[in-house]
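For reference, the structure is listed below as structure tokens.
Note that these values count all heavy atoms, side chains included, but never hydrogens, waters or copies made by symmetry. Here the structure is a predicted model, which is why all the values come from computation and not from measurement.
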Amino acid sequence: MESLGFSDATFTWSDSPRPVVAPPPVPVDRPADPLGGWQPAEFGGRRYEGSDFRWSLLVVFVIAIAGVGAFGYWLYQRPAAEAIANAAAVSTTAADLGIALPALETFNATLTDVETTADTAQLFELDAAARALFDASAALASDSIETRSAAASAAGAALDGVRLAGDTHSYKMAVLPVLSPPALETDPTLIELDEAARAFGDWQLRFDNVRTALPDGVLPGVTQQLDVLSGNLSAILTDYVEALRSDDQTAVQSVMTAFTQKLDQIGAQLSTAVAEAQSRVTSRIADTRAALAQLAG
């Protein structure tokens, strides 16, 4: 049998289970305990103990409390300090306005003088002082209603007076030159028709340039009359040239006389309007002084 590759060994069967043999344990690498060698650290060269007291923390705490208290006191005192500063600003600017006010009186006195050309630069200081008082009055506390009202009234009256005087003076100085009649030839034998028409046209151009540049709201009655005259200038020119063409010196002089009378009428109206504006400026000056006296009292 062995020669055929079979073994002659005899096998014996058993109904008992074969014992289970456990495999050998596999070694596992475990990490070392990170806190295995921990010891409490030392503070200041010694181990921390419950009885230690940090004086530096107490100092910081006291400083913080003092800072908060000082800030709170500053907030508490701030409204009163601002009120005092604002009241002082009103007093100072009111005094400055009182010092500058005579400049407006001087300027206003020459407003109706045709021969005098006043300098509007002298009103700049008064304008600045009035604006400073107006700004200072706006910063006053709500419990200073009377003071704020008086300061605003003084500043407003002064500013109104400065504006009215300055605008009236500028208007007068612009209009007066064009209210002088042009030097036109009245003898038909001494001027050609085209030359006469050109001379009148040059004056008309200057007149209309001034008229259209006048500001609205300043002496409106005078402006209205200037507009009426401007609308009639073409007809006046036609009458003037036709009188020359007719070789009628009397007719030419009649046209120029009527034209000059229209200019004189507007000039008289201008003088009246300037005088009325001067009176209003005087009233504004009086209002300013009364309000300043109320502030001082």
Side-chain angles (χ1 to χ4, degrees), residues 86-142 144-177 179 210-211 213-226 266-297:
N86 292 336
V90 168
S91 298
T92 300
T93 52
D96 293 340
L97 179 58
I99 294 173
L101 193 57
L104 179 58
E105 292 179 309
T106 302
F107 185 92
N108 191 46
T110 63
L111 199 58
T112 56
D113 189 354
V114 178
E115 303 298 329
T116 302
T117 302
D119 184 8
T120 56
Q122 59 185 303
L123 300 180
F124 292 164
E125 183 178 354
L126 175 59
D127 183 86
R131 294 182 185 279
L133 177 58
F134 192 84
D135 293 340
S137 68
L140 289 175
S142 58
S144 303
I145 297 178
E146 292 184 1
T147 301
R148 182 167 56 186
S149 177
S153 296
L159 288 173
D160 193 25
V162 169
R163 178 195 57 79
L164 181 58
D167 289 349
T168 301
H169 173 75
S170 298
Y171 188 101
K172 180 192 72 173
M173 299 309 298
V175 171
L176 279 178
L179 293 183
V210 170
R211 180 185 59 83
L214 294 174
D216 295 333
V218 180
L219 308 187
V222 178
T223 300
Q224 183 181 7
Q225 293 303 312
L226 292 174
I266 297 177
Q269 186 174 0
L270 174 63
S271 298
T272 300
V274 170
E276 292 174 351
Q278 184 184 53
S279 179
R280 293 200 301 273
V281 174
T282 301
S283 178
R284 299 298 186 277
I285 294 173
D287 293 341
T288 302
R289 291 196 183 281
L292 291 176
Q294 183 179 352
L295 284 174

I need the minimum non-hydrogen distance between [X] and [Y], along with the two atoms involved.
{"X": "A165", "Y": "L104", "result": "CB-CD1, 3.9 Å"}
{"X": "A94", "Y": "L292", "result": "O-CD2, 3.8 Å"}
{"X": "A151", "Y": "V90", "result": "CB-CG1, 4.2 Å"}
{"X": "A150", "Y": "A291", "result": "O-CB, 3.5 Å"}
{"X": "P220", "Y": "G217", "result": "CD-O, 4.1 Å"}

Around atom CZ of F134, are there more than 12 heavy atoms of other residues, nucleotides or ligands at under 6.0 Å?
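It does not: F134 CZ has 12 such atoms or fewer within range.
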Would you give the length of the straight line joining atom [atom1] of [X] to atom [atom2] of [Y], rounded to the nearest 0.5 angstrom?
{"X": "K172", "Y": "L219", "atom1": "NZ", "atom2": "CG", "value": "11.0 Å"}
{"X": "E125", "Y": "L101", "atom1": "CD", "atom2": "CG", "value": "11.5 Å"}
{"X": "L97", "Y": "D127", "atom1": "CG", "atom2": "CG", "value": "10.5 Å"}
{"X": "L159", "Y": "L123", "atom1": "CG", "atom2": "CG", "value": "11.5 Å"}
{"X": "L176", "Y": "S271", "atom1": "CG", "atom2": "OG", "value": "7.5 Å"}
{"X": "R148", "Y": "L295", "atom1": "CZ", "atom2": "CG", "value": "13.0 Å"}

Sequence neighbours excluded, every pair satisfying side-chain hydrogen bond (donor to acceptor under 3.5 Å, both in side chains) that has a member inside residues 284-294:
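For residues 284-294, and leaving out neighbouring residues, the side-chain hydrogen bond (donor to acceptor under 3.5 Å, both in side chains) pairs sorted by first residue read E105-R289, D160-R284.
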Would you say [X]'s side chain and [Y]'s backbone share a donor-acceptor pair under 3.5 angstrom?
{"X": "T282", "Y": "Q278", "result": "yes"}
{"X": "T168", "Y": "L164", "result": "yes"}
{"X": "Y171", "Y": "T223", "result": "yes"}

Listed by chain and number, what are the ring pair (Phe, Tyr, Trp, His ring centres under 6.0 Å) partners of F107, not counting sequence neighbours?
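Ring pair (Phe, Tyr, Trp, His ring centres under 6.0 Å) check on F107 returns H169.
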Given side chains that start at C-beta, do those of L226 and L214 come closer than 4.5 Å, heavy atoms only?
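Sidechains of L214 and L226: in contact.
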Would you call R131 and D135 a salt bridge, using N to O less than 4.0 angstrom?
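Not counted as a salt bridge, because no side-chain N and carboxylate O are separated by less than 4.0 Å.
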